Every structure is written in C-alpha cells, then in structure tokens.
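Worksheet: the structure to be examined is printed underneath.
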Amino acid sequence: MSTETFEFQVEARQLLQMVIHSIYSNKDVFLRELISNASDALDKLRLEALRDDSLGVDVSDLHIELDADQEARTLTVRDNGIGMSYDEVKQLIGTIANSGTAKYLQDLKGAKEAGDTEGLIGQFGVGFYSSFMVADEVVLLTRRAGESEGTRWTSSGEGTYTLESTAEAPQGTSVTLRLRPVDTEDQLHDYAATWKIREIVKRYSDFITWPIRLAAPATDATDAPPATDAPGADGEEQATAAREPETLNSMKALWARSRDEVSEAEYHELYKHISHDWTDPLETIRLQAEGTFEYQALLFIPSRAPHDLFTQGYQRGIQLYVKRVFVMDDCEALMPPYLRFVKGVVDAQDLSLNVSREILQQDRQIELMRRRLAKKVLSTVKDLQAKAPERYSVLWREFGRVLKEGLITDAENRDAILAGCSFASTRDQEEPTTLKQYVERMAQGQEHIFYLTGESRQALENSPHLEAFRARGIEVLLLTDPVDEVWVDAVPGFDGKELRSVAKGDVPLGADQEEQQEEREQRQQEYAGLLAWMTQRLGEQVKEVRLSARLTVSPACLVSDTHDATPALENLYRAMGQDVPRGKRILELNPGHPLVTGLNAAHAQEAEHEALAEAVELVYGMALLAEGGQLDEPSRFIKLMADRLGRTL
Ligand code: ADP
C-alpha cells in the first residue's frame, strides 16, 4: 500500500501545538510516557495470550528495549507487546477520544494566554504526544499480535501524519524519535546519552514489571554525565568489550513490597503510570488483606479533580491484577461511584484471569473487597481531616462534591462520609465547618442542625430565610452544590440532631416563653381575616399564607412544606429529564413590617378593592425575587410596581 497523508483531528492538533510550543520544564517525562504505553501493551498481550491459545505469539521474553543512536541522534523505544492495527493507529494516535476534551482544550488555550500551559499540560497528561517535546519527527512502527501486515506512522507533529502498510514490522511497537538538537549549554538533556536514559528509567519507571533493557552500543562516550569528572579507566574498558543489553529497572511490583522498602517518590511514579496524571497524588493508601480471599491494594487520592469527573463517560475504577498479571483497567466493581476519583491497583490472589466485568459485578468476594476499600478510603479522609488540615482542604475542594453523592447512595457508610464532610456556614466567611464542630457550638435549647440550600453563598446570605437566625445568632450551614439539594433529604441527622432547612416548614427557633406564645395567638387573630383572604386570592400560586417567625427585615418570604421538594430540587429533576409538576409553597408574612401591617389595616377597611389585590400580588412577587426565584410575568410585576411608584412621587 502506498503512503497516505492524514490530518490530525482538530483537538489533537491543538494539543500537539501546545506540546511543541510549550516550555514544559520537565521534558524527561516523555520517556516515562512511552515506557508506560509499552508496559501497557505488554500487559495486554500477556492477558490476550493467556485467554486465547490460538493467538500464536511468543510471550516467553516480553520486554521493552531502549536504543539510542548518538550519531543519528535518535532514540527508539521498542516493545514486543500487543501492537496496533492500521485502523487502531489511525484511531488511537490521530485522535483524542476522551470526552470533554474540546472544552478542556478551550480552557488550556485560555490558560496559555495567562501563561500556565505547564500546569494544564501536566494535569491532562499528553501521553504519546509528549514525544514532540523532544523530537522534531516521530516514527511509530507497529504490528498487531496475530496480524501479518504492519503499519508505519510518521509525523512532525505539525498538522498531518502519514500512514503506510508494511511487511517489515516486527510484532509489537517501536517509537523512534528524531531528537531535537541539544543545546551545547544543555548537555544535561541529551536524550541520546545512555547515562541520561538510565537516570530517567531509574527515577520514573523502576517499578515497571517488565524488563526495560538498554541496547548498549559497543562504544559509548555518554555512559557518564558530562559534568562528573569520572576517571577514564572504566571508560576504556567499556569501549573495548561488546556488551550485553543491560536491564535498567528492578521490576518489583510496588504493592507487593513492604512499606519501608518503597519511597514515596516511587509510589508517586506508579500513580502517574496508572492514572496518566502528571501531578503527584495527594495521598497514598496501602492495604493488605490476608485470609481466605487475599489481596493487596495500593490506592491514590489525586491532588486535582480530572476535568471530566462529572461527565457521563468518565472512566472510573481501579486496575485489577491477578497474581501480578494485569487483568483489567477501570475496574468499576472495585470502587463505589462516589469514590470514582480514587486511582490505584488491586492485586487479588484467587480470581480467574478470565474474569469479566459482569462476573465481578456479581461476585460476593469482590463486593466485600469494594466495601473494605471504600471504608479504607473514608477512614483516610477522616485521618487527613484530623491530622493534615491543609491536605484535607485540598481534598475537600477537589472531591467534596463527589463524596457527598455517597450520602445518598451508600447508607452503610453514611455516618463516616458525613463525619468527613465540611460545609460553609454563616459563622465564618472563609472557614468551613464539620458537623461535629457545628454541634459543639450549638446553643442551649437548639435542637436542630440548620441549613439553607441555594445557588451561591451570596444568594443565600441575602435570603430572607436567614433573618431570624441571624438576629438570634444561630449558625446555619450554607449548601450550594447541586447534590446538596438531594442528600439533605436522605440524611436524617447527625449525632442525634435532626437536619432542618430554614426554608422549610416551621422553624423551631427555641422554646417560646409563655407570653410570646400569647402574643402570637393574639396576632394570629388580628391577621386571620387577611391571611384567609390572601390564601384564597393567591390560591393558584401558594397553598397557604401565614405569619412568619423567621423574618425580621423583609415583609414576606416563601417556604416549602416540611416534606415537599424545594424549587431547586424540582429544577434538578427537570434537568435530568423528569417531568415534575411545580409544587405549591407557603407565603409567610412578617407582622412587624409596615407593609404587612398596612395590608392588614387596608383589608380590615374593605377587602375587595383593586389596589389591595395588586399589593398582594406585589408582595408575592417580592418574596419570589428575594429567594432568587423567577416571576411568571415579570412585565406585569414591573407595570404594577412602576404605577405605584409613580403615584408616590
Ligand atoms: P494514553 O496512553 O493516555 O491512552 P497515548 O496518547 O499515550 O494516550 O496513547 C493512546 C493509545 O495508543 C493508548 O491508549 C494505546 O491504546 C495506544 N498505544 C500507545 N502506545 C502503544 C504501544 N506501545 N503499543 C500498543 N498500543 C499503544
């Protein structure tokens, strides 16, 4: 077949542009990325060979080989793994499949203008494309196991690539980089130098469980870094002996080694290998389960939420190994959905290599494992909260929204999740509070944990529902994540204290004194006529009009009945495509407000006049606006208001 030229998909092109033109400070990581891909390819081949006897490939010496040519200034990373077919190359290397990428790249472009591509490239992890940080041309030669034709892919990373079928490809993949010229000043980044390759492999890829071999040339002037003044004797000896390929890595699976044998840095590199994230994780979690069902787990909490954490296609889960053999990526059966941000490896002793996702979903042992892993993650969250407040606050900022989903879906761990949560509150602008701290601060006589849900802190702070609480110095949690609307209904309480919305039902602000009680009853009588009349007038919009105990400043507000959905929750369900009828709410009036006393006086004189009816409509509209709601007929509201104002001038 002849050579064909293709254009990169738009997003891929944008990403490449950024990789080529950014000055990502740690270019060394390109090699880690290529080795990581090669290692995955070997994992896949071994698994396929184990599952399919007829594949007919030799898997007795699976390895990665690095081959540097000083003179030609090339570096080749070669594996005898699964390889790719012609179509796979086109699909996998020419496009970015990840959902949400287009939007993400927009953000990247924004950041580029602001000068932070480094951080964003690092967060995204550009995999194979990172080759173009150090190479001006890349040739990928590959043949899929079981196929006879190979494919050669060539590109300079600038817009197009060529594809060509070839009979001359060994099974597996080799990636050859034509390295950019090294700055004479910058010998430390000479990627054709064997000392440099050795250093990078040791630092980033030591734990890779496949041998990473260096195909050493007979003579090598680059065995030692240029700056170190090594005595010449060694060098001469090496120059004459033809050397065997040298294995650069120790190949020990980190999760199988004891904790004190492994450095934090090594764990971090494993994390980067499995997560494709270029940033260190926030926390590393180890777990060894002995007994009838033995497994080892190494879990990581990332330090940043991936950009697609809330999109439909987000690939969640843990890598599953069976006795050191890689079996499955994104094994969702091992983590509940609300912990989908957790990355890691689980190596189980007693599973079949042929295990499928469906089987895992139903397996009792796996379920026990999932529960145990979830508990372990939650206890880590709690530990961080208690002992490392700064890291905890990063975790909460990045993943709090996801964790709270567990309050709805994981009844078994609800208390543990709740204990690990923190919430904004009226007590402090900046510092969130835990429920435990809230309860400790509760005043004598306060029996509930009060909260208010809504869109933003600012909207909540201005909500009339808070007035009486503010006046009495009662702390209220301010919940602004969409998921908050839902879990508050699922969680009965904390530490024996019921959760109560300040925008729902009656507000039990504390026991009334007897005379207050009397005063209330008297007021109720005074207003009975107005309330009944208004309830009937506004019957389309509200189910009741009553006097309020929660207002001190505003004339009126709307509240939901104790067990009714809030308008925000209704909207949430509508956004999810459910047909939810609009529930009627309760209009509460502040009998201490002149507008309300005025209404009452006017009503006492003559109930049925037009001006009073209009005033009632305006009061309802104001209550709706005060909580950030939307008027059915804004133009009518404005006209009524403008007419009234006109008359007062
Ligand atoms: P990522 O590794 O993050 O998926 P890459 O751009 O590095 O992204 O690679 C894209 C895909 O190309 C990989 O997921 C894999 O399917 C395929 N690929 C890359 N390198 C190899 C390789 N050496 N052998 C087989 N497949 C590979």
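We count residues from 1, following the sequence as given. For clarity, every value in this text was computed on a predicted model and none was experimentally measured. Order of listing sets the numbers, starting from 1, for every ligand and every atom in it.
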Next item on the list: For M328 and V355, work out which heavy atoms get closest and say how close.
Entry: CE-O, 3.7 Å
Atom indices of ligand 1 within 4.0 angstrom of [X] heavy atoms, with elements:
X    : answer
H276 : 1 (P), 2 (O), 3 (O)
T173 : 22 (C), 23 (N), 24 (N), 25 (C)
G127 : 7 (O)
F128 : 5 (P), 6 (O), 7 (O)

Note to self: Heavy atoms only, cut-off 4.0 Å: how does V175 contact ligand 1, side chain, backbone, both, or neither?
What the structure shows: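 The answer is neither; V175 stays 4.0 Å or more away.
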Next item on the list: Check I93 against ligand 1 and report side chain, backbone, both or neither, counting heavy atoms closer than 4.0 Å.
Entry: side chain
Checklist line | Cation-aromatic face contact R46/F326, 6.0 Å, 45 degrees | finding: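 No, cation not above the ring by the 6.0 Å, 45° rule.
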Notebook entry, point to check: Under 4.0 angstrom from ligand 1, any heavy atom of E33?
Noted result: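 Per 4.0 Å heavy-atom rule, E33 does not contact ligand 1.
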Check: Heavy atoms only: which of L92, V77, L42, I64 is nearest to atom 16 (O) of ligand 1?
Finding: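 Among L92, V77, L42, I64, the closest heavy atom to atom 16 (O) of ligand 1 belongs to L92.
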Checklist line | salt bridge (charged side-chain N to carboxylate O under 4.0 Å, His left out), paired with R152, selected from E164, E168, E4 | finding: E164
Check: Does a side-chain N-to-carboxylate-O contact under 4.0 Å join D136 and R180?
Finding: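 Salt bridge between D136 and R180, a charged N being under 4.0 Å from a carboxylate O: no.
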Next item on the list: Indicate whether any N or O donor in one side chain lies under 3.5 Å from an N or O acceptor in the other, for D52 and S54.
Entry: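 Note: D52 and S54 side chains meet the donor-acceptor criterion.
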Checklist line | Gap separating the OG atom of S205 from the NE2 atom of H273, nearest 0.5 angstrom | finding: 8.5 Å
